Chemist: 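Before anything else, here's the structure in question.
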Amino acid sequence: MPRAQIKDEKKYQKLREKGESKEKAARIANASAGQGSRKVGRKGGKNPSYDEWTKDELMKRAREIGIEGRSSMNKSQLVKALRDH
């Protein structure tokens, strides 16, 4: 059943099947529906790779987006959690 908040249901379902979180799949599906897949795919961040961030910076970002269990994670676990969010 289509959901009103998801603009590209097919893309959303494909992303969920690949294992993406509901939030991430919705974000990608809605962005590509509004801007087109090619434009969204070329869009890149201006921040350096998470591997280059300090642990304190990673903790702050994890706190901002609400990653559970972040206080007991090491740097590589934080990087993985942020990438998978």
Side-chain angles (χ1 to χ4, degrees):
M1 173 187 254
R3 292 171 284 265
Q5 66 271 23
I6 305 296
K7 294 179 176 71
D8 187 343
E9 188 70 29
K10 284 183 180 181
K11 183 171 291 275
Y12 174 81
Q13 290 301 327
K14 284 183 182 180
L15 290 164
R16 290 291 294 143
E17 288 169 9
K18 285 176 51 179
E20 300 295 351
S21 69
K22 289 179 181 179
E23 182 180 274
K24 185 174 183 178
R27 190 170 52 237
I28 292 169
N30 290 343
S32 65
Q35 299 173 358
S37 294
R38 287 186 181 192
K39 188 172 184 181
V40 171
R42 283 192 306 263
K43 191 175 179 181
K46 294 175 178 46
N47 286 331
S49 168
Y50 282 139
D51 294 322
E52 298 175 23
W53 290 29
T54 66
K55 184 175 179 188
D56 288 339
E57 292 169 328
L58 294 168
M59 288 291 279
K60 181 180 177 187
R61 181 66 181 139
R63 187 178 322 111
E64 289 171 357
I65 60 176
I67 293 177
E68 299 287 327
R70 63 186 175 269
S71 61
S72 62
M73 292 182 185
N74 62 32
K75 184 176 176 178
S76 62
Q77 291 169 326
L78 284 166
V79 169
K80 183 174 179 357
L82 288 165
R83 286 183 177 148
D84 292 344
H85 182 265

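Side-chain atoms are counted along with the backbone in the values below, which use heavy atoms only and exclude waters and symmetry mates. This one's a predicted model, so the numbers in the text were calculated from it and none came from an experiment.
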Chemist: Taking K55 for its side chain and L78 for its backbone only, find out whether a donor-acceptor pair lies under 3.5 Å.
Modeler: no
Chemist: Taking all non-hydrogen atoms of both residues into account, name the closest pair between M73 and G69 and its distance.
Modeler: CG-O, 3.4 Å
Chemist: Is there a donor in the side chain of Q13 and an acceptor in the side chain of E17, or the other way round, less than 3.5 Å apart?
Modeler: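 No pair is found: no donor N or O on one side chain lies under 3.5 Å from an acceptor on the other.
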Chemist: Just how far is it from atom CD1 of I67 to atom CE of M59, taken to the nearest 0.5 Å?
Modeler: 10.0 Å
Chemist: Among residues at least two apart in sequence or on other chains, which ones pass side-chain hydrogen bond (donor to acceptor under 3.5 Å, both in side chains) with R61?
Modeler: E64
Chemist: If we only count heavy atoms from C-beta on, is the K24 to H85 side-chain gap below 4.5 Å?
Modeler: no
Chemist: Could you go through E23 and R27, starting from their C-alpha distance and side-chain angles, then the distance that decides it, and tell me whether this counts as side chain to side chain contact (heavy atoms under 4.5 Å, CB included)?
Modeler: CA-CA 6 Å; E23 182 180 274; R27 190 170 52 237; 3.5 Å; yes
Chemist: Let's go through D51 and V79 carefully: what are the C-alpha distance in whole Å and the side-chain angles of both, what is the deciding distance for side chain to side chain contact (heavy atoms under 4.5 Å, CB included) to 0.1 Å, and is it a yes or a no?
Modeler: CA-CA 7 Å; D51 294 322; V79 169; 3.7 Å; yes
Chemist: Please report the closest heavy-atom contact between A26 and I6, naming both atoms and the distance.
Modeler: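 Result for this residue pair: CB-CD1, 3.4 Å.
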Chemist: Just by distance, do the side chain of R83 and the backbone of K80 share a donor-acceptor pair under 3.5 Å?
Modeler: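 No, because the side chain of R83 does not come within donor-acceptor range (under 3.5 Å) of the backbone of K80.
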Chemist: Would one find more than 12 heavy atoms of other residues, nucleotides or ligands at under 6.0 Å from atom NZ of K60?
Modeler: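 Open: at most 12 neighbouring heavy atoms sit under 6.0 Å from NZ of K60.
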Chemist: How would you list, by chain and number, every residue that makes a side chain to side chain contact (heavy atoms under 4.5 Å, CB included) with K22, sequence neighbours excluded?
Modeler: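 Residues passing side chain to side chain contact (heavy atoms under 4.5 Å, CB included) with K22: Y12, R16.
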Chemist: Please enumerate all residues that pass side chain to side chain contact (heavy atoms under 4.5 Å, CB included) together with T54, with sequence neighbours excluded.
Modeler: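 Scan of T54 (side chain to side chain contact (heavy atoms under 4.5 Å, CB included), adjacent residues dropped) gives D56, E57.
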Chemist: Taking the side chain as every heavy atom from C-beta outward, state whether L82 and L58 have any pair of such atoms under 4.5 Å apart.
Modeler: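 The answer is yes; the side chains approach within 4.5 Å.
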Chemist: So, Q77 side chain and N74 main chain: donor-acceptor pair closer than 3.5 Å or not?
Modeler: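 It does hold such a pair.
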